[in-house]
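Take a look at the structure below.
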2 protein chains.
Amino acid sequence: MFQLDLKSRKSIYEQVTDNLKELIMTGTLASGEKLPSVRELSKTITVNPNTVQKAYRELERQGYIYTTSGVGTFVADVSQITADAHSLELAKAALDDAFKQLLFLGLSYDEAREIAGEIMEQRRLSDD
Amino acid sequence: MFQLDLKSRKSIYEQVTDNLKELIMTGTLASGEKLPSVRELSKTITVNPNTVQKAYRELERQGYIYTTSGVGTFVADVSQITADAHSLELAKAALDDAFKQLLFLGLSYDEAREIAGEIMEQRRLSDD
DNA sequence: TAAGTGTACCATGCACCATAGTACACTGTC
DNA sequence: GACAGTGTACTATGGTGCATGGTACACTTA
C-alpha cells in the first residue's frame with residue numbers, strides 16, 4: 001500500500017496519516033471505498049494496531065474518512081473538504097520554512113525559485 | 001533579538017538555530033560579527049545555557065559561525081556556504097511536503113501555486 | 001589574578017511515541 | 001443465537017529526545 005521510513009523524523013502514525021491522505025486526495029482510493037481494517041493494515045505494514053488507529057482517528061477528525069461502527073472505515077467525499085484558516089496558516093508556515101531552508105543553503109533566490117517550481121510542477125498531474 | 005514560540009512543534013534549540021541562521025543569511029548579523037555569549041543569550045531569551053550551546057554547535061557544524069576558544073563565537077563568511085547534496089534533498093522534501101499540505105487541504109492546484117508564489121515572493125528582498 | 005568565554009559532562013523530569021495486551025459494543029453472516 | 005470481524009477505549013511499559021539545573025575545566029583577555 002505504501003512504504004514507511006523508520007529513519008524519518010516523522011512519527012509512524014504521521015507517515016501513515018500522510019500516505020493515506022495522499023492516496024485519497026489523488027483518487028487512488030476512491031470516495032466510498034473501504035479502507036483496510038485497523039488490524040489488517042497493522043499487519044500489512046508491520047505496525048502496532050494502536051498506531052494505525054491513531055492515524056485513522058486523525059484522518060476522520062480532518063474529514064478524509066468516516067467510520068461506521070462494526071462495519072469499517074471508508075473514504076469520505078473529499079470534494080467537500082475545505083481549508084480551515086488554522087490549517088492553512090500552518091501549511092503556509094511550513095512552505096515558508098522549506099523555502100527558507102533552500103535559500104539559506106546558499107542558493108541564490110532565482111535558483112531556489114527554480115527548484116521550487118520544478119517540485120511543484122511534479123504535483124500538477126496527480127491532482128484534481 | 002528574536003522571539004520563541006513555546007507552543008511550536010519545533011524544539012527550542014531548533015528555533016534558536018533557525019532564527020540565528022536567518023539573521024546571518026539576511027545580513028542582519030554581518031560576517032565576523034560577534035554573537036552573544038552562550039550564557040548571555042540564554043539569559044536574554046530565558047532558556048537554559050545548554051540549549052543555546054546546542055544551537056551554536058549545530059550552526060558551527062553547518063558552517064554559519066565559528067568559535068575561538070575563550071574568546072567568543074562569530075559569524076562566518078557565509079558567501080562560502082554551499083549546499084551539500086543531503087541537505088538539499090531534505091529541503092526539497094520539506095518543500096514538497098508543504099506543498100502537498102496545501103493541495104490536500106482542498107485547494108485547487110492553481111490556488112496552491114498562487115499562494116506558494118506569494119510566500120516565496122516575500123523572501124525576494126530579504127536576500128543576497 | 002580575575003572575569004568572561006567555550007565546552008563537556010551528569011542527573012532529572014517531562015512529553016511523545018510505539019508497543020503489548022485486554023476488553024467491550026456494534027454489525028453482518030451463517 | 002453464535003460467531004467473526006469491525007471500531008474503540010483503556011492500561012501499562014519501554015524508549016527517545018528535549019529542556020533544565022548543576023558542576024567543572026581549559027582558554028583568552030584585561
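This is a predicted model, so every value here is computed, not measured. Below, chains carry the letters A, B, ... as their sequence lines are ordered, and counting in each starts from 1.
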Choose from C:dA18, C:dT7, D:dT8 the nucleotide whose nearest atom is closest to any side-chain atom of B:Glu60. C:dT7

Looking at the side chain of A:Glu40, which of D:dC27, D:dT6, C:dA8 is the nearest nucleotide? D:dT6

A:Tyr56 has a side chain; which of C:dC17, D:dA19, D:dG7 sits nearest to it? D:dG7

Kindly write out the residues that satisfy salt bridge (charged side-chain N to carboxylate O under 4.0 Å, His left out) with B:Asp97, not counting sequence neighbours, or none if the list is empty. A:Lys10, B:Lys100

Integer-rounded Å distance: D:dT16 C1' and A:Arg9 CZ: 13 Å

May I ask you to check if B:Lys21 and A:Phe104 form a cation-pi contact, with NZ or CZ under 6.0 angstrom from the six-membered ring centre and within 45° of the axis? no

Rounded to whole Å, how long is the line connecting atom CG of B:Leu59 with atom P of C:dG6? 13 Å

Integer-rounded Å distance: C:dT27 C1' and A:Phe74 CZ: 11 Å

Nearest whole angstrom, please: distance from the P of D:dG5 to the NZ of A:Lys34. 12 Å

If only atom types and distance count, is the side chain of B:Gln53 paired as donor or acceptor with the main-chain N or O of B:Asn50 below 3.5 Å? no

Side chain of B:Ile12 only, please: which of D:dA19, D:dC27, D:dG7 is the nearest? D:dA19

Is there a donor N/O on one and an acceptor N/O on the other, under 3.5 Å, for the side chain of A:Arg39 and the base of D:dG7? yes

Between D:dT20 (P) and B:Ile45 (CD1): distance, integer Å: 9 Å

Walking DNA chain C from its 5' end, the first of A:Thr46 and A:Gly70 to be reached, judged by nearest nucleotide, is A:Thr46

Counting C-beta onward and ignoring hydrogens, is there a side-chain heavy-atom pair between B:Tyr13 and B:Tyr56 closer than 4.5 Å? no

Atom CD of A:Gln3: over 12 foreign heavy atoms under 6.0 Å: no

Using whole Å, report how far CD of B:Glu14 lies from C1' of D:dG17. 11 Å

Closest-nucleotide 5' rank along DNA chain C - winner of A:Val47 and B:Thr68: B:Thr68

CG of B:Asn48 versus P of C:dA11: gap in Å, rounded? 17 Å

Given D:dC18, is OP1 or OP2 found less than 4.0 Å from the side-chain N or O atoms of B:Lys54? yes

Please tell me which of B:Tyr13 and A:Thr73 maps to the more 5' nucleotide of DNA chain D, matching each residue to the nucleotide holding its nearest heavy atom. A:Thr73

When you measure from the side-chain N and O atoms of A:Thr51 to the phosphate of C:dA18, is any distance below 4.0 Å, counting only OP1 and OP2? no

For A:Ser37 and D:dT6, is the shortest distance between a side-chain N/O and OP1 or OP2 below 4.0 Å? yes

Which of these nucleotides, C:dT27, D:dA19, C:dT19, is closest to any side-chain atom of A:Val71? C:dT27

B:Asn50 CG to C:dT12 P: how many Å, rounded? 16 Å

